[in-house]
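Notes for the one structure printed next.
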Amino acid sequence: MRAFALLEFVFGIVVLGLVSITCAKMLLHLKQKELFAQNTSIQTISLQNTLLQISHFLENAKTISIKDNALYFTDDTSNHSITLKNQTLFLDDIMLLDSLKSFEITPIKDDLLITLCAKSLCLQKVFLRYGD
């Protein structure tokens, strides 16, 4: 009788261990998905914020020119440039965004298509130049 109780106890421990291992693997997988979603969200927000900042800077621009995939513009007070150097986007040597794969400006008639690409995501924004 004691041997049967001991066998039941060992069997229960083994089953409990298997269930625990399965639950731990599921929790690890869920945490990895959560981290991926969090990193993607942060990357998306950073790209959107940078595109909005660039659009805001260009709203007051008097002249806009594109040279060597860099954007040059003049406002009321001075000349400015937005350039990509070593995967970092700069506005007049002030960092706007880091870890950027590409920065492209495409003229579309009188407007501009601005494309920012990070590791796994690309976002675009059309800047409409009204009144020019």
Side-chain angles (χ1 to χ4, degrees):
M1 192 66 159
R2 283 185 163 184
F4 183 70
L6 184 60
L7 186 62
E8 254 185 355
F9 178 72
V10 169
F11 183 72
I13 294 293
V14 168
V15 168
L16 185 63
L18 290 175
V19 169
S20 298
I21 289 171
T22 303
C23 289
K25 283 185 178 182
M26 284 179 14
L27 285 173
L28 179 63
H29 184 69
L30 286 173
K31 189 62 176 175
Q32 287 173 337
K33 283 187 173 256
E34 177 193 359
L35 287 174
F36 176 76
Q38 181 182 11
N39 289 339
T40 303
S41 297
I42 289 171
Q43 190 176 51
T44 302
I45 290 170
S46 296
L47 288 173
Q48 286 176 342
N49 186 35
T50 303
L51 284 171
L52 288 173
Q53 286 179 349
I54 292 170
S55 293
H56 179 70
F57 291 130
L58 293 177
E59 283 176 1
N60 299 324
K62 300 298 179 197
T63 61
I64 297 174
S65 62
I66 302 167
K67 294 177 190 166
D68 300 327
N69 208 26
L71 185 63
Y72 299 94
F73 61 97
T74 305
D75 61 8
D76 292 333
T77 58
S78 61
N79 297 327
H80 302 284
S81 65
I82 298 175
T83 57
L84 180 66
K85 298 175 189 171
N86 299 326
Q87 296 185 338
T88 304
L89 190 66
F90 290 98
L91 168 72
D92 297 333
D93 296 327
I94 299 171
M95 186 177 79
L96 286 178
L97 187 62
D98 196 15
S99 301
L100 201 61
K101 280 176 60 177
S102 69
F103 169 63
E104 297 174 6
I105 307 108
T106 308
I108 303 173
K109 294 186 182 179
D110 291 333
D111 304 323
L112 298 174
L113 175 65
I114 303 169
T115 305
L116 295 177
C117 290
K119 294 176 188 172
S120 61
L121 179 68
C122 286
L123 290 181
Q124 295 179 325
K125 182 167 179 60
V126 175
F127 176 71
L128 304 174
R129 297 181 350 177
Y130 295 115
D132 287 349

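These numbers were taken from a predicted model, which means no experiment stands behind them. No hydrogens, no waters, no symmetry mates; every other heavy atom, side chains included, goes into these values.
- With Thr74 as the fixed residue, the side-chain contact (heavy atoms from CB on, under 4.5 Å) test singles out one of Ile64, Thr63, Asn60: Thr63.
- Applying the side chain to side chain contact (heavy atoms under 4.5 Å, CB included) criterion to Asn39, with sequence neighbours excluded, gives no partner residue.
- Every residue two or more places apart in sequence or in another chain was checked for a side-chain hydrogen bond (donor to acceptor under 3.5 Å, both in side chains) with Ser102, and none qualifies.
- Annotation: side chain to side chain contact (heavy atoms under 4.5 Å, CB included) contacts of Leu18 (sequence neighbours excluded): Val14.
- Leu123 contributes atom CG, which lies 11.0 Å from atom CD1 of Ile45 (distance to the nearest 0.5 angstrom).
- Residues Ile21 and Val15 do not share a hydrophobic cluster, clusters being chains of Ile/Leu/Val/Met/Phe/Trp/Tyr side chains in contact below 4.5 Å.
- Rounded to the nearest 0.5 Å, atoms NZ (Lys62) and OG1 (Thr77) are 10.5 Å apart.
- Of the options Leu91, Leu84, Ile105, Thr83, a side-chain contact (heavy atoms from CB on, under 4.5 Å) to Leu71 is made by Ile105 and by none of the others.
- In terms of the side-chain hydrogen bond (donor to acceptor under 3.5 Å, both in side chains) criterion, Ser20 has no residue partners (sequence neighbours excluded).
- Closest non-hydrogen pair, Leu113 versus Val126, comes out as CD1-CG2, 3.7 Å.
- In this structure, the side chain of Asp75 does not engage the main chain of Ala61 through any donor-acceptor pair within 3.5 Å.
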* Report the C-alpha separation of Leu100 and Cys117 in whole Å, then their side-chain angles, then the decisive distance to 0.1 Å, and conclude whether the side chain to side chain contact (heavy atoms under 4.5 Å, CB included) test is met. => CA-CA 6 Å; Leu100 201 61; Cys117 290; 5.8 Å; no
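- Taking both residues in full, the closest heavy atoms of Leu47 and Ala118 are given as CD1-CB, 4.1 Å, listed atom of the first, atom of the second, then distance.
- The side-chain heavy atoms of Ile66 and Thr106, taken from C-beta on, include no pair separated by under 4.5 Å.
- For Gln124, the side-chain hydrogen bond (donor to acceptor under 3.5 Å, both in side chains) test picks out Thr115, with sequence neighbours left out.
- Looking at residues two or more places apart in sequence or on another chain, you find no side chain to side chain contact (heavy atoms under 4.5 Å, CB included) involving Ser99.
- Annotation: the span from Phe103 atom CZ to Leu89 atom CG amounts to 5.5 Å, rounded to 0.5 Å.
- Hydrophobic cluster membership for Ile13: Phe9 (Ile, Leu, Val, Met, Phe, Trp, Tyr linked by side-chain heavy atoms under 4.5 Å, directly or transitively).
- For the salt bridge (Lys or Arg N to Asp or Glu O under 4.0 Å) condition, the pairs that include at least one residue of residues 32-47, sequence neighbours left out, are Lys31-Glu34.
- Exactly one residue among Ile114, Leu116, Ile82 makes a side-chain contact (heavy atoms from CB on, under 4.5 Å) with Thr50. That residue is Leu116.
- Interatomic distance, Ser120 OG to Lys101 NZ, rounded to the nearest 0.5 Å: 8.5 Å.
- At least one side-chain heavy atom of Leu35 sits less than 4.5 Å from a side-chain heavy atom of Gln38.
- A ring pair (Phe, Tyr, Trp, His ring centres under 6.0 Å) check over residues 48-74, counting only residues at least two apart or in different chains, returns the pairs Phe73-His80.
- Atoms OG1 and CG, on Thr44 and Leu121 in that order, are 4.5 Å from each other to the nearest 0.5 Å.
- For Lys125, there are no salt bridge (Lys or Arg N to Asp or Glu O under 4.0 Å) partners at least two apart in sequence or on another chain.
- The side chain to side chain contact (heavy atoms under 4.5 Å, CB included) test applied to Ser46 returns Ile42, Leu97, not counting sequence neighbours.
- Scanning for side-chain hydrogen bond (donor to acceptor under 3.5 Å, both in side chains) contacts around Asn86 gives an empty result, with sequence neighbours left out.
- Interatomic distance, CG of Asp93 versus OG1 of Thr88, reported as 12.0 Å (0.5 Å rounding).
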